[in-house]
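Here is the structure we will look at, set down as structure tokens.
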Amino acid sequence: MSAALTLGPVLFNWNPERWRDFYFRVADEAPVDTVYVGETVCSKRAPFLAEHIPAVVERLAAAGKEVVLSTPALVTTERERAAVRDLIEHAEYRLEANDIGALAYLAGKPHDIGPLVNVYNESALAWMAGNGAARVCLPPELTRDALRALAGEAAKHAVALEVMVFGRLPLAISARCYHARAHGLHKDGCQFVCNQDDDGMQVDTLDGEAFLAVNGTQTMSYTYNALLAEMAEMSAMGINRFRLSPHSLDMVAVARLFRDVLDGRTAAGEARNRLAEMVGAAPLSNGFYQGREGVALVGMETD
Amino acid sequence: MELICPAGTLAALRAAVDAGADSVYCGFRDETNARNFPGLNFSREELREGVRYAHAHNSQVFVAINTYMAAGRPQAWFKAVDDAHACGADAVILADIGLLDYASKTHKDLRLHLSVQASASNPDAIRLYQQRFGIRRVVLPRVLTIQDIAKLNKEVDIETEVFVFGGMCPMAEGRCSLSSYATGNSPNVQGVCSPASHVRYEQRDGDLVSRLGDFTINVFEDGEPAGYPTLCKGRFVSHDKAQYLFEEPTSLNAVDLLPELKAAGVMALKIEGRQRGRAYIAAVVKQLREAVDAFERTGKVPSSRALQDLAEGHTDTAGAYKKTWR
């Protein structure tokens, strides 16, 4: 089976027109097979994107991309629940669940599981398959050994596994908004300050070392996850879907780079150097996959 | 309302029971529980003895098996459930959907509680666990306000348990890999957060620097009380401003909210702190027992000065129960 490249949902609070234009360009130019669309981090942002979603999904579908709608990661209020229900009931596209609550509505319908749902082992994967999951994007914390074990189980259920291979990693979600807090505000009166940071707000240690990135209620890695050479290894395990997470750099170029690696046109080592250059100041990391701390970069010293 | 108390040792379990715990929760001495600390937790023999002691004093024992099973080797978790059942535990507290599936099919007479680590934050999620696995109680994640809890209890017919005292995650529990990003060890997988094995304290120009893995979590000036470098309780810099970006080094103390929690339909009140010593457990359980009893008797909560003194850094917060925390 040839490998599929997918584009996860935009996790950041981009200006709505920019968000729309980003997807228009993806539709026209990016060599990705599946595109996940939807506001997964903060329900306060969702209304601004809503008016652009029909045009975006139509353009993506017309360009031959498979469109999947992603549900929110943290659902607590009645309004947020209603939004999930509404999304699932009226969806003309496939759904990706990012919270267990959504699974109640998706039971028996083919659907995807997002990386923010805890699928750590074969039993959980088998349960998800039994509930109708056809594809599962695994949590970024999993190691190579865990992925291998899960790939074996996935084959038994004809579930396709997907792994995040590019971008800042979502590490935590909270009811509290750290973006607002950093600006001396509360979530209720946040003034949408998260729109000031296209790739998240840099968080340094007191020593001035870059450590994390805050994206509203979500806390992310400062480093950019980059699994390039690892893709061949995963393909050998039977994992054939690789997810890119959108950032403000040229994502079309990123997608082409990963596609070239998958198709054997560019060596992983060369691709890693080019990717590091495109990302800029933030280092790349692959520690989780390698069974180390997530921030680590193993076997990828810049030549 | 029931009082659910932590125990990391048999001595702490006895102390909690003696101080008036309705139930004590504990874990086995391995990665199957979210307080997998050196020198802590129960052997099978100790659990059996703990259950015997608790039952003799009209108290119950819940066993937390609330990490996520490791791919490729789930046996330790399955066995933990089997052994908790065999030891006579009154309930097991689980988070992993695969383990819930196993427990509900294998031990139909075993009472299942949904751990806070499952982070079931809405009625749809809770109902799914209830319908598919027969869970009897949910420990609510610390992301909900009291209003959210009240609505939830009106909608779902299930016992709800909430944390009222002790350490508090500002992140949705069971959905955080900050610790493993810095150290390779996480609550979900290894059952540890910001583990002591990766902590270092350094003296630097008269300051005390606390480090976790390769990262500075806090710097204390001479004489400033230094806390443990739990990652999310550290001081960090954004936009040139240093602050406790995620949460201050503070404890949850919701004892003043007992009337609101009861009115919201909460059945059980939980104390965090299986890693704490016997004397602390005895003191906290005693204080909370008195507060709950006084409230049930008079409808009023007595002043909680003594509890505040037991809080980390002697500061406390009502956390997410109040909307302004967000």
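Below, read A as the first sequence line, B as the second, and so on, with proteins coming before strands; counting in each chain starts at 1.
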Identify which part of [X] has an atom lying under 4.5 Å from any heavy atom of chain B, answering side chain, backbone, both or neither.
{"X": "A/Ala73", "result": "both"}
{"X": "A/Glu80", "result": "neither"}
{"X": "A/Thr76", "result": "both"}
{"X": "A/Asn225", "result": "neither"}
{"X": "A/Phe288", "result": "side chain"}
{"X": "A/Thr223", "result": "both"}
{"X": "A/Val214", "result": "side chain"}
{"X": "A/Leu116", "result": "both"}
{"X": "A/Leu125", "result": "neither"}
{"X": "A/Glu209", "result": "side chain"}
{"X": "A/Arg181", "result": "both"}
{"X": "A/Ala213", "result": "neither"}

Side chain, backbone, both or neither: which part of [X] has an atom under 4.5 Å from a heavy atom of chain A?
{"X": "B/Glu247", "answer": "both"}
{"X": "B/Tyr244", "answer": "both"}
{"X": "B/Leu144", "answer": "side chain"}
{"X": "B/Ala320", "answer": "neither"}
{"X": "B/Leu231", "answer": "side chain"}
{"X": "B/Thr183", "answer": "backbone"}

Electrostatic pair [X]-[Y], nearest N-O below 4.0 angstrom:
{"X": "A/Asp207", "Y": "B/Arg211", "result": "yes"}
{"X": "B/Arg204", "Y": "B/Asp207", "result": "no"}
{"X": "A/Glu230", "Y": "A/Arg144", "result": "no"}

Can you check whether [Y]'s main-chain N or O pairs, donor with acceptor, with [X]'s side chain at less than 3.5 Å?
{"X": "A/Arg168", "Y": "A/Tyr222", "value": "yes"}
{"X": "B/Tyr321", "Y": "B/Val164", "value": "no"}
{"X": "A/Glu162", "Y": "A/Arg241", "value": "no"}

Closest-packed option against chain B by number of heavy-atom pairs under 4.5 Å, given [options]:
{"options": "A/Met128, A/Glu141, A/Lys187, A/His186", "value": "A/Glu141"}
{"options": "A/Ala182, A/Gly208, A/Ala104, A/Gly152", "value": "A/Ala182"}
{"options": "A/Gly101, A/Ala149, A/Pro139", "value": "A/Gly101"}
{"options": "A/Gln202, A/Arg176, A/Arg292, A/His183", "value": "A/Arg176"}

Please step through salt bridge (charged side-chain N to carboxylate O under 4.0 Å, His left out) for the pair B/Asp82 and B/Lys79, ending with a clear verdict. CA-CA 5 Å; B/Asp82 296 345; B/Lys79 187 158 188 333; over 6 Å; no

Given the options [options], which has more heavy-atom pairs under 4.5 Å with chain A than any of the others?
{"options": "B/Val219, B/Asn218, B/Asp101, B/Asn188", "result": "B/Asn188"}
{"options": "B/Ala70, B/Pro123, B/Ala95", "result": "B/Pro123"}
{"options": "B/Tyr102, B/Phe246, B/Tyr129", "result": "B/Phe246"}
{"options": "B/Ala182, B/Pro74, B/Ala242", "result": "B/Ala182"}
{"options": "B/Asn185, B/Leu245, B/Leu178", "result": "B/Leu245"}
{"options": "B/Arg142, B/Arg132, B/Lys151, B/Arg73", "result": "B/Arg132"}

Report the C-alpha separation of B/Asp148 and B/Arg326 in whole Å, then their side-chain angles, then the decisive distance to 0.1 Å, and conclude whether the salt bridge (charged side-chain N to carboxylate O under 4.0 Å, His left out) test is met. CA-CA 14 Å; B/Asp148 293 335; B/Arg326 293 177 172 180; 3.3 Å; yes

Kindly state whether the ring of B/Trp77 and the ring of A/Tyr120 have centres lying under 6.0 angstrom apart. no

Minimal non-hydrogen separation, B/Val143 against B/Ser121, with atom names: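 The pair with the smallest heavy-atom distance is CG2-CB, 4.0 Å.
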
